[in-house]
Number of protein chains: 2
Amino acid sequence: MDVHSRDLRYFVAVAEELHFTRAAERLFISQPALSKQIRLLEKALGADLFERDRRAVALTEAGRTLLPQARRMLEVWDEAQAALARLEAARGARLVIGMSTSPGRGGMLPAIRSRFAAEFPQAKLELRQLPWQDPTAGLADATSDLAFIWLPVPDAERYRWLVMATEPRHVALPLGHPLATRDTVKLADLLDEPFLALPESAGPLRAYWLALDERAERPPRIGAVVHNPDETYEALVDGRGLCLVAAGNAPLLTRGDVVTRPVTDVAPSRLVLAWRAEDTRPLVRGYASAAAKLAEGRN
Amino acid sequence: MDVHSRDLRYFVAVAEELHFTRAAERLFISQPALSKQIRLLEKALGADLFERDRRAVALTEAGRTLLPQARRMLEVWDEAQAALARLEAARGARLVIGMSTSPGRGGMLPAIRSRFAAEFPQAKLELRQLPWQDPTAGLADATSDLAFIWLPVPDAERYRWLVMATEPRHVALPLGHPLATRDTVKLADLLDEPFLALPESAGPLRAYWLALDERAERPPRIGAVVHNPDETYEALVDGRGLCLVAAGNAPLLTRGDVVTRPVTDVAPSRLVLAWRAEDTRPLVRGYASAAAKLAEGRN
DNA sequence: CACGTCCATAGCCGATGGTTATCACAGAAG
DNA sequence: CTTCTGTGATAACCATCGGCTATGGACGTG
């Protein structure tokens, strides 16, 4: 009998959560899909793996027998992929990491690099800053292999990602602005102000940083379109508008006559490490999993 | 990235044969299907596994890296299934082995039993002789879990099997029959004789033992319909007809006034151990693989 | 008793994994 | 040189699989 490693992942997830709905969430699939797959696995094995007792899910003896074996299968496969990744690395493979804004945030980038290098010492990494016309920082046109970008990602089903930071959004203003005297502001305070906007090509991300969804019927005035941190800084001190910015990106703008203030009633922003869904090269996954271990440690 | 163990089996087969067509045969799939799956695996891994050089197929470095890991994955899965099978056995699971005729053949049955018992000491085996109305010896109605039967199996896609013996066919005759003086006979010698036939319900198997395909335009005369070895023996000594019989089954009939003679120009018969394709219970597979090891040893 | 929680079922749909038929090409044979 | 043979790749097609949403039914709980 054959198995799909996916089904083993599903099984392990349910065995760990002992809760189908939660396990399904963790696996990013629907609960019925998970139920069905587990049922099919049980049918294929000819043995029940879980005892569903209306209110509780428990492993059967067969489930307890299978669990360590399933984990081992998954480990062996991980190891196989790592071996292939090391081979790629040894052949001089190079990974291009794109970013929309420097991830900064207390050495996140070097921390990932060192974890990654520990496993794939020979792999080469190349970092690229990309202008904001491309909200995927080079993933879309495959000039980057992975990218640090902001949700929402356009064409979301084409990508996979890992949330690296969830941060409140601030508003950036020139020092002389009346709101600069406040400690915090509300979105309502900003609705009549001109905004700096991302280029049209940024799609839903442009809307997101203009808080379009949250400003109800009040369309924003666009003071300027900006393509990188420097342009943004200049537009701010010029008084051409203000803009929302992730708390962690505030340092990029507050270098002289610009300050940022928390906006207390907008949804926080999420910085993610993303890659193309169809790009299953082990080295790419290797970088992602180095980042995942780090993100885990931080949470 | 996920894998299907089937794809790993395919990969290992090609790596061992270094020949797609032969590997496909071994895997019981078509060559294009195999080519496609290997291509997809390579694509998913982002690395070529084979170098196809028109006349030769060779492993790439990535292929050589993956091969031992793939084997290990498959081993771990085998072990997982064996563990589940042992669990089933420990719970008192019972396997029913049906047979159309006693397999005999120098202790094949005890040999399989002892191999099987070595791995699953607690499993119970039950042997059943079934009359010839059912050419699947109880598989069709699930009263048997595995069965020793003869090809061709009706509804072939519902079953899987393992060839346990390939044997020339003899003709069984009463001692006084004119052909009994010959050492061997040809099918042509038999075309005008009345034949003992399996019941209609035996389907293609009835046709097979009447050699319908091989007698061209000469339909057989049916002397009697027989349902088990005893009936057959009696019909033979009664002179109601003669019949083809696998060499290994000759001892069942040659107990007194019946002899058998090789028929030199009919295709040999194949005795198989069969089970239902959808029955993937590890214990069933365990019995089959005990039989497989034995069959290997014999060939 | 009404409600919420949670797993199962039903119906639907695109992707996957198989099939057969055919191609393109290399080497062997004539 | 042409033809035949063996091999892997490609194309077109089809059933099954793995996902989704919507809904059901059996509990505990307020």
Side-chain angles (χ1 to χ4, degrees), chain A residues 1-45 48-60 63 155-160 276-280, chain B residues 1-45 48-60 63 155-160 276-280:
Chain A
M1 189 202 123
D2 281 313
V3 230
H4 202 299
S5 68
R6 180 194 47 229
D7 293 341
L8 296 177
R9 282 195 297 113
Y10 289 3
F11 164 63
V12 171
V14 176
E16 284 174 359
E17 298 285 346
L18 292 177
H19 194 290
F20 279 77
T21 307
R22 264 199 306 277
E25 273 166 27
R26 206 175 98 181
L27 294 166
F28 302 109
I29 62 172
S30 68
Q31 168 265 315
L34 181 58
S35 279
K36 186 156 82 170
Q37 287 311 97
I38 296 288
R39 282 265 178 242
L40 286 176
L41 181 60
E42 290 177 323
K43 195 174 159 212
L45 293 171
D48 285 354
L49 298 170
F50 297 102
E51 194 130 2
R52 287 87 154 166
D53 190 58
R54 230 9 111 190
R55 214 67 193 163
V57 173
L59 277 168
T60 60
D155 248 335
E157 63 288 345
R158 293 187 52 204
Y159 305 99
R160 296 283 115 88
R276 284 181 299 283
E278 87 275 7
D279 185 354
T280 50
Chain B
M1 189 201 123
D2 280 314
V3 231
H4 202 300
S5 67
R6 180 195 46 229
D7 293 342
L8 297 177
R9 280 194 299 114
Y10 289 1
F11 165 63
V12 171
V14 176
E16 284 174 358
E17 299 285 347
L18 292 177
H19 194 291
F20 279 77
T21 306
R22 263 199 306 278
E25 271 165 29
R26 206 175 99 180
L27 295 166
F28 302 106
I29 61 171
S30 67
Q31 169 266 314
L34 181 58
S35 279
K36 187 156 84 171
Q37 287 310 96
I38 296 289
R39 282 263 179 245
L40 286 175
L41 181 60
E42 290 177 323
K43 195 174 159 211
L45 293 171
D48 284 355
L49 298 171
F50 297 102
E51 194 131 0
R52 286 91 154 165
D53 190 57
R54 232 2 115 190
R55 214 69 194 158
V57 173
L59 278 168
T60 60
D155 249 335
E157 63 290 343
R158 292 187 51 204
Y159 306 99
R160 296 284 114 88
R276 285 180 297 284
E278 87 275 9
D279 185 354
T280 50

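Computed from heavy atoms alone, side chains included, the values below leave out hydrogens, waters and symmetry copies. By convention in this document, chain letters (A, B, ...) are assigned in the order of the sequence lines, proteins followed by strands, and residues within each chain are numbered from 1.
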### Query
Quick check: does any side chain N or O of A:T60 sit under 3.5 Å from a backbone N or O of A:L49, one acting as donor and the other as acceptor?
yes
### Polar side-chain atom of A:S5 near backbone of B:V3 as donor-acceptor pair, under 3.5 Å
yes
### Message
Is the ring pair A:H4/B:H4 parallel, tilted or perpendicular, if the boundaries are 30 and 60 degrees?
### Response
perpendicular
What is the separation between atom [atom1] on [X] and atom [atom2] on [N], rounded to the nearest whole Å?
| X | N | atom1 | atom2 | answer |
| --- | --- | --- | --- | --- |
| A:D2 | C:dG17 | CG | P | 11 Å |
| B:L34 | C:dT16 | CG | P | 18 Å |
| B:F20 | C:dC23 | CZ | P | 22 Å |
| B:F28 | C:dT19 | CZ | P | 12 Å |
| A:Q31 | C:dT9 | CD | P | 11 Å |
| A:R39 | D:dG18 | CZ | P | 16 Å |
| B:E42 | D:dA9 | CD | C1' | 12 Å |
| A:L40 | C:dC7 | CG | P | 17 Å |

Less than 4.0 angstrom between a side-chain N/O of [X] and OP1 or OP2 of [N], yes or no?
| X | N | result |
| --- | --- | --- |
| B:T21 | D:dG6 | no |
| A:R6 | D:dG19 | yes |
| A:R52 | C:dC6 | no |
| B:S30 | C:dG18 | no |
| B:S35 | D:dT10 | no |

### Task
For B:E278 and A:K43, run salt bridge (charged side-chain N to carboxylate O under 4.0 Å, His left out): C-alpha distance rounded to whole Å, both residues' side-chain angles, the deciding distance at 0.1 Å, then the answer.
CA-CA 9 Å; B:E278 87 275 9; A:K43 195 174 159 212; over 6 Å; no
## Note on the structure
Judged by nearest nucleotide, the residue sitting upstream toward the 5' end of DNA chain D, B:H19 or B:H4, is B:H19
#### Entry: Partner of A:V14 by side-chain contact (heavy atoms from CB on, under 4.5 Å), out of A:L59, A:L41, A:L34
A:L34
With respect to the side chain of [X], which nucleotide from [options] is positioned closest?
| X | options | answer |
| --- | --- | --- |
| B:K36 | C:dG18, C:dA8, D:dG8 | C:dG18 |
| B:I29 | D:dC20, C:dG18, D:dA9 | C:dG18 |
| B:P32 | C:dC6, D:dA11, D:dG19 | D:dA11 |

### Task
Identify whether any heavy atom of B:Y10 sits under 4.0 Å from a base atom; if not, whether one sits that close to sugar-phosphate; answer base, sugar-phosphate or nothing.
sugar-phosphate
